[in-house]
Participant: 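Below is the structure I would like to discuss, written out as structure tokens.
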2 protein chains.
Amino acid sequence: MNDPLAKTIPPDVGDGTPPQRGSARERVERTIRHALLTGRFVPGRPVTLRGLAQDLGVSPMPIREVIRSLAAENALDIRPNGRIEVPRMTPARLVEIMRAREMLEPELAAMATGNLSRADAKDLTRIDDAIDRSIESGDAEAYMRLNHDFHFRIYRAAESKVFLPLVESLWLQFAPFMRIVYGRVGTAALEDHHKDAIAAIIAGDRQALKAAIAADIGAGMHLLQEAGD
Amino acid sequence: MNDPLAKTIPPDVGDGTPPQRGSARERVERTIRHALLTGRFVPGRPVTLRGLAQDLGVSPMPIREVIRSLAAENALDIRPNGRIEVPRMTPARLVEIMRAREMLEPELAAMATGNLSRADAKDLTRIDDAIDRSIESGDAEAYMRLNHDFHFRIYRAAESKVFLPLVESLWLQFAPFMRIVYGRVGTAALEDHHKDAIAAIIAGDRQALKAAIAADIGAGMHLLQEAGD
DNA sequence: CAGGTCAATTTGTGATCACATTTCGAATGA
DNA sequence: TCATTCGAAATGTGATCACAAATTGACCTG
């Protein structure tokens, strides 16, 4: 079947609460973004308005708007014939995405340094522990969700309305592909620099956090090069 | 009146040609993007679906999709109450946009170096001459259009489907504000490093082109600091 | 069994409508 | 003169519909 969403999101909980302004769209957007980020959409597979609409229990209308948003972020591709699909990854594109990440994310993390409290560090430690468990158990979907949570918990603290959307766009672009990679090579080989990042946050060391994030991205790229063999 | 578009785009040329698939949406998108980039939209002014629809001679439907796209690129802001407006600029936001530009655009130009021929250099010279004329005559709108043409003629040559959209998003964000600045301080003080860039392209000097673009962005920022006094 | 043909189905697009919310403006009051 | 109120107008949202283009799949032909 072609509904990676129906399993996780009930069509509609008819709980009698009156729908609020823009609520359908927001719910649809949250759902689809989350599905994209955890790799529930397969690159190259066509996506249809009516299909998603039925899965999510709404009319095609809010779907159309969300699809347009995601297409504008290059998270979805609208072909010349109107067909919608998750973009296929190419080696060249992947390299560019990672280069853009290396330029933006360490800087964004550095901007966040001053705004990250010890409580944030504690939350990040908790997330990182869960990440380790997901790697052990080989749960790729949980890993992706938690890894995203970890990074964006940091990035959001920067409170940048300019950098954050750019980085979000990049994650939406490579996430579906990464899901394929994890499915192929497993999660065992995954290594990150999260603990370095947490230490840098506790120390309030801006440069160290920047370096840790850069190293983390570099490690991800290294995994991909090995997987390519 | 609230229709910065009606003046430039006739509602509809009823030439009998049957509309093609997605053509209304594309025309609307081109028109609004161009209007944004040349500062025809004033920050803070509300934008309405039906208003634009009437100006462009279409139903509100294609407008809705284009607005969603542009909102996803942070070129428009959709308030919690659903109101659409051109984002207001703040000093902090402007600084972030310029920092992001400094990170991405020189690199994008460097990527383009090998793909830029002598013919491209000739075109760029022609555009730069027109820019000089627009500065002399004080035609801010022409200046903005030509300056955008100059930069993106270079950037497009990089053929990067990752970097180019990120940079386009940034331009859409600061353009409406720059129009205000030019209106306030005039265009006389404008200086750029376009001739350095053209020389670098002819020489095929990747680093020099990178430096020229970086300097060009820096000069724009310098102008803003002076205008802020 | 492979390749082409054509009709039925599916798809995105654009328009229109009903509706709740918000915004705006004129009338009213102190 | 200024603030308030209240009704009319305008706005975004979500649904539905008609339509043309594209896709699909069964059927036929060789």
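Letters go in sequence order (proteins before strands), and every chain restarts at 1.
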Participant: Which residue lies toward the 5' end of DNA chain D, A:M61 or B:I84, if each is placed at its nearest nucleotide?
Facilitator: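 In this pair, the answer is B:I84.
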Participant: Provide, to the nearest angstrom, the distance between the CD1 atom belonging to B:I78 and the P atom belonging to C:dT22.
Facilitator: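 Taking CD1 of B:I78 and P of C:dT22, I get 16 Å after rounding.
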Participant: Do any side-chain nitrogens or oxygens of A:R79 fall under 4.0 Å of OP1 or OP2 in D:dA21?
Facilitator: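 Checking D:dA21 against A:R79, no side-chain N or O comes under 4.0 Å of OP1 or OP2.
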Participant: May I ask you to decide if B:R27's main-chain N or O and B:T31's side chain share a donor-acceptor pair within less than 3.5 Å?
Facilitator: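 At least one qualifying donor-acceptor pair exists.
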Participant: Rounded to whole angstrom units, what separation is found between the CD atom of B:E26 and the C1' atom of C:dT13?
Facilitator: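 In whole Å, C:dT13 C1' lies 12 Å from B:E26 CD.
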Participant: Between C:dG14 and B:S59, is there an OP1 or OP2 to side-chain N/O distance shorter than 4.0 Å?
Facilitator: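 B:S59 to C:dG14 OP1/OP2: no side-chain N or O under 4.0 Å.
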Participant: Are A:R145 and A:E141 close enough for a salt bridge, meaning some N to O gap below 4.0 Å?
Facilitator: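 Salt bridge flag = no for A:E141 with A:R145.
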Participant: Apply salt bridge (charged side-chain N to carboxylate O under 4.0 Å, His left out) to A:D123 and list each qualifying residue two or more places apart in sequence or on a separate chain.
Facilitator: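 Here the qualifying residues are A:R126, A:R153.
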Participant: Protein-nucleotides 22-24 of chain D N/O pairs closer than 3.5 Å?
Facilitator:
residue: D:dT23; atom: OP1; partner: A:N81; partner atom: ND2; Å: 2.8

Participant: Would you kindly check whether a donor in the side chain of B:R64 faces an acceptor in the base of D:dG14, or vice versa, at under 3.5 angstrom?
Facilitator: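 Checked by distance alone, the answer is yes.
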Participant: Given atom CZ of A:R27 and atom P of D:dT13, what is their separation to the nearest angstrom?
Facilitator: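 These atoms are roughly 16 Å apart.
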Participant: Any side-chain N or O of A:R50 below 4.0 angstrom from OP1/OP2 of D:dT16?
Facilitator: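 No, because none of the side-chain N or O atoms of A:R50 sits under 4.0 Å from OP1 or OP2 of D:dT16.
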Participant: Please report, rounded to the nearest Å, how far the C1' atom of D:dT11 is from the CZ atom of B:R68.
Facilitator: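 Between C1' of D:dT11 and CZ of B:R68: 13 Å.
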Participant: Nearest 0.5 Å, please: how far is CD in B:E73 from CD in B:Q173?
Facilitator: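 Rounded to the nearest 0.5 Å, the CD-CD separation comes to 9.0 Å.
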Participant: In whole angstrom, what separates B:R25's CZ from C:dG14's C1'?
Facilitator: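 Distance, rounded to whole Å: 12 Å.
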Participant: Please, which pairs that meet side-chain hydrogen bond (donor to acceptor under 3.5 Å, both in side chains) have at least one residue in residues 179-188 of chain B, sequence neighbours excluded?
Facilitator: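 As it turns out, there is no side-chain hydrogen bond (donor to acceptor under 3.5 Å, both in side chains) pair with a partner in residues 179-188 of chain B once direct neighbours are skipped.
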Participant: Would you indicate, yes or no, if D:dT11 has its OP1 or OP2 atom less than 4.0 angstrom from a side-chain nitrogen or oxygen of B:T48?
Facilitator: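 Answer is yes, contact under 4.0 Å.
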Participant: In whole Å, I'd like the distance from the CD1 atom of B:I63 to the P atom of C:dT13.
Facilitator: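 Rounding to the nearest Å, CD1 of B:I63 and P of C:dT13 are 15 Å apart.
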Participant: Between B:E29 (CD) and C:dT13 (P), how many Å, whole number?
Facilitator: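 Computing the B:E29:CD to C:dT13:P distance gives 12 Å.
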Participant: Is a side-chain N or O of A:N115 found less than 3.5 angstrom from the main chain of A:A112, in a donor-acceptor match?
Facilitator: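 It does not hold such a pair.
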Participant: How close or far is atom P of C:dG14 from atom CG of B:L49, stated in whole angstroms?
Facilitator: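 So the two atoms are 14 Å apart, to the nearest Å.
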Participant: Nearest 0.5 angstrom please: B:R25 CZ to B:S69 OG, how far?
Facilitator: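 So the gap between those two atoms works out to 5.5 Å.
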Participant: Choosing from D:dT13, D:dG12, D:dA15, which nucleotide comes nearest the side chain of A:V58?
Facilitator: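 Within the option list, the nearest is D:dA15.
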